[in-house]
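The chains referred to below are lettered A, B, ... by the order of the sequence lines, with proteins before strands, and numbering in each begins at 1.
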2 protein chains.
Amino acid sequence: MATIRDVAKLADVSVSTVSLALSNPGRVSQKTLERIREAVQTVGYVVDPLAQSLARGRSRMIGFVVGNVGNPFFGDIRRELENYAIEHDHFVLITDSSGKPERERALVEHLSGLKVAGLALAPSGHGQAYVDFVQNIKMPTVCFDQKVAGIDRDFVGSDNRLAGAMLTEHLLQLGHRRIAFIAGPKHMHTASERLRGFMETMGSAGVEVNPNFIVDGQFTRSAGYEAAMRLLVQPERPTAIIGANNAVALAALQAMQELGFNCPDDISLAMIDDVQWSSVITPRITMVIQDTLKLGGIIARRILHRIMSPEGAADPAQDFVLSPKFVPGNSCKKL
Amino acid sequence: MATIRDVAKLADVSVSTVSLALSNPGRVSQKTLERIREAVQTVGYVVDPLAQSLARGRSRMIGFVVGNVGNPFFGDIRRELENYAIEHDHFVLITDSSGKPERERALVEHLSGLKVAGLALAPSGHGQAYVDFVQNIKMPTVCFDQKVAGIDRDFVGSDNRLAGAMLTEHLLQLGHRRIAFIAGPKHMHTASERLRGFMETMGSAGVEVNPNFIVDGQFTRSAGYEAAMRLLVQPERPTAIIGANNAVALAALQAMQELGFNCPDDISLAMIDDVQWSSVITPRITMVIQDTLKLGGIIARRILHRIMSPEGAADPAQDFVLSPKFVPGNSCKKL
DNA sequence: GTTTGATATCGAACCGGTTCGATTATGACG
DNA sequence: CGTCATAATCGAACCGGTTCGATATCAAAC
């Protein structure tokens, strides 16, 4: 590998001049600039990112930290971020915390050691210690998906209360009254907001909510399955179920199928967030989806803004909240 | 951040002794080792991975390069690799080439600049130029999933011929004769082997294959959809379809549903590789799956073997080929 | 023909470690 | 107690860049 000294020797200038020419071509005379560029070509010089990061105290990499890189929701966002980052000569380091706050913390520390220029973080924790941790991250950071109270960082996400409300309103319109809700972890903002959207909409419609119809699915397939089973074996069954996310909703569908219930004839189903093969799942589930591409675009632009411009670095934290979209399927029956 | 010099000062030894003590505790006296360890504690010293990599010419990171990190197949492998790597104090850099050889190349070069200790690579290209590229990678590399002729590297994958043969045999047993096959890109080893398994099994059973029943689905959803449509509008339709991967098979299912065919009553369907929510897709599709956990384990062990031991680095390239597993669903009808 | 100011270039220190040959301390042995 | 092998420690060079204060160059201004 050719080093900067090889270039300097060939172009007959000092090492510092080469460095200057490469990072700030304007501050070097036209003649030497050309000589240097020629030398770079002939020796095939490429800057060593490690050495550069060490000297600068910052790399050209952006850390991407999520709970599950396999989730298509995060996949779309990642792709947007990657494309935008490449355009601006940055590189995205993808990491997966498996949803565990300790692992997330270890990842962030590792990325910090790598001197990443910035961080796109989908928070997976809560509580004061967690808030302190995120607050103390030294690099430019954009949080997304999960809004955590007390964290004063840029946030990009969707209106989850609205998402819950949309599905509830839809089912109410179809004549449903006994609507059950498989919720997510109470401490997660997305989960509590979606539930709030459900409760508020039911409330303003003057429909009483059977407390047995609110079950906890933990946003996971297994807990969602159990929660759905609890709903389905009640003497007074719901006529419709809302899954607070895709995992619990599909787990509910599975539970229905196993117990011999037909969806939507026996029970209607609706969910928040898409899954990859939703179009071949029978029935096609009515859902509310997030605009992942737009979310990803905003995250990308925001973080690179913070990284690249001095005024961006000083910008106060800002929230970007997008409205989700209703996508009708055929999993909800008119009563 | 505390540096190694702070530690040296506090422990009253030279910087080189600290470095030695940390990387090779046995070569330092008990007394000084303790003093150094104490100093490390009190100043809170953590080695700077960037500086270390620069000096050593190698980092403690392993590059993971695949065409689609969202694919659960790669996800399982990634997780296994990550867990094993963490146990051995290494860190996995996940990257996504979107299946584009040029992007893959750029990623590998980037990782090479980062001086990664090793590479787990799911090849996405073919042809001489591509082979040369992979051959010229300087770091320890384990290829997986896609076997590319001419690449002399460790390879970990499944017996794809067998996978194709298993599904074909199953359908023959059920009495099917007019079996169609939605194939993948001819240049991909997995695709051609799966097709070969189909052809050979049909051949040995003495069943003639209608050339119109072999269509190209490119392993993608959209091409698979079109290919399936071509099959379904023929006057003489197949009684069963094998999808060479999950994407084309599910696309075929979608096409059937849209045209009003019932699976399995009208047409049977089988596929290679699982998808995330296969259990809620109706019908549950009969499939042959790869043992992703075992594959991931082998990849992880192999690459860390190469990285960590001098004799491992010198090991000749080796192939590890696992047998896939048959998972019956209810998408194939007895004729 | 100086002085002044801007522009171009350079040298040296630094980022934070590793490595290896040289030097010193230790202790076993005759 | 001197000798010598071995163990412990050190200093300096190096990895490949960046950065900043200092110096050299040159033209315009007085």
Side-chain angles (χ1 to χ4, degrees), chain A residues 1-37 39-40 43-61 89 109-110 112-117 138-139 310, chain B residues 1-37 39-40 43-61 89 109-110 112-117 138-139 310:
Chain A
M1 268 296 90
T3 75
I4 197 171
R5 308 185 202 252
D6 300 328
V7 176
K9 205 170 295 173
L10 186 58
D12 196 31
V13 290
S14 76
V15 167
S16 48
T17 303
V18 177
S19 177
L20 187 64
L22 262 33
S23 62
N24 203 334
R27 277 215 301 258
V28 153
S29 80
Q30 200 58 37
K31 262 192 305 187
T32 48
L33 182 57
E34 265 169 43
R35 278 218 317 287
I36 289 173
R37 290 213 163 128
V40 165
V43 304
Y45 170 74
V46 182
V47 64
D48 180 325
L50 244 42
Q52 191 173 55
S53 302
L54 178 62
R56 285 203 176 144
R58 150 190 284 218
S59 72
R60 299 192 140 282
M61 305 187 289
D89 200 24
E109 266 157 23
H110 199 102
S112 163
L114 256 30
K115 308 273 191 306
V116 297
K138 275 103 187 167
M139 27 208 171
Chain B
M1 271 293 89
T3 76
I4 198 171
R5 312 191 197 247
D6 300 329
V7 176
K9 206 170 293 174
L10 186 57
D12 196 31
V13 291
S14 76
V15 167
S16 46
T17 303
V18 177
S19 177
L20 188 64
L22 262 33
S23 61
N24 203 334
R27 278 215 299 258
V28 153
S29 80
Q30 200 58 36
K31 263 192 306 187
T32 48
L33 182 56
E34 265 169 43
R35 279 217 318 286
I36 288 173
R37 290 214 163 126
V40 165
V43 303
Y45 170 74
V46 182
V47 64
D48 181 326
L50 245 43
Q52 190 173 54
S53 304
L54 178 61
R56 285 204 176 143
R58 149 192 286 218
S59 74
R60 299 192 138 282
M61 304 187 290
D89 201 23
E109 267 157 21
H110 200 101
S112 163
L114 256 29
K115 308 272 191 304
V116 296
K138 275 104 188 166
M139 30 212 168

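Residue contacts shown for B/V18 are absent, as no nucleic acid heavy atom lies under 4.0 Å away. A/S23 comes within 4.0 angstrom of no nucleic acid atom, judged by non-hydrogen atoms across all strands. In this structure, B/V7 reaches neither bases nor backbone, as no heavy-atom distance under 4.0 Å exists between it and the strands shown. Using a 4.0 Å heavy-atom distance criterion, B/S16 is classed as a base contact. Looking at heavy-atom distances under 4.0 Å, B/V47 makes contact with sugar-phosphate atoms alone, never a base. Using a 4.0 Å heavy-atom distance criterion, A/S19 is classed as a base contact. At the heavy-atom level, B/T3 lies under 4.0 Å from the strands shown only through sugar-phosphate atoms. No engagement by B/L50 is indicated, since no non-hydrogen atom pair under 4.0 Å with the nucleic acid exists.
Between the CZ atom of A/R56 and the C1' atom of D/dT19 there is a distance of 11 Å, given to the nearest Å. Distance, B/L54 CG to D/dG17 P: 9 Å, rounded to whole Å. Following rounding to the nearest Å, B/K115 (NZ) and C/dG17 (C1') show an atom-to-atom distance of 15 Å. Regarding A/R27, its CZ atom lies at a distance of 21 Å from the P atom of D/dT25, rounded to whole Å. Between the P atom of C/dG16 and the CG atom of A/L114 lies a distance of 15 Å, rounded to the nearest Å. Between the C1' atom of C/dG17 and the CZ atom of B/R60 lies a distance of 14 Å, rounded to the nearest Å. The separation between A/L20 atom CG and C/dT7 atom P is 14 Å, rounded to whole Å. Rounded to a whole Å, the CG atom of A/N24 is 14 Å from the C1' atom of C/dT9.
How far OG of B/S53 is from CG of A/D48: 10.0 Å, rounded to the nearest 0.5 Å.
Checking D/dT18, D/dT9, C/dT18 against the side-chain heavy atoms of A/V15 singles out D/dT18 as nearest. Checked against C/dC10, C/dG17, C/dT9, the side chain of B/Q52 finds its nearest nucleotide in C/dG17. Distances were taken from every side-chain heavy atom of B/S14 (C-beta onward) to each of D/dT18, C/dC15, D/dC10; the shortest belongs to D/dC10. Comparing C/dA8, D/dT18, D/dT9 by their closest approach to the side chain of A/S29 singles out C/dA8. Side-chain proximity of B/D48 to the nucleotides D/dG16, C/dT9, C/dG17 is greatest for C/dG17. Among the nucleotides C/dC10, D/dG17, C/dC15, the one closest to the side chain of A/T17 is C/dC10.
No hydrogens or angles were tested; on distance alone, a donor-acceptor pair under 3.5 Å links the side chain of B/R5 to the base of C/dG16.
Looking only at side-chain heavy atoms (C-beta outward), B/R37 and B/V40 stay at 4.5 Å or farther from each other. Looking at heavy atoms from C-beta onward, A/S19 lies in side-chain contact with A/I4 at the 4.5 angstrom threshold.
Mapping B/R35 and A/I4 onto DNA chain D by nearest heavy atom places B/R35 at the nucleotide closer to the 5' end.
The closest donor-acceptor contact from the side chain of A/R60 to the backbone of A/D89 lies under 3.5 Å.
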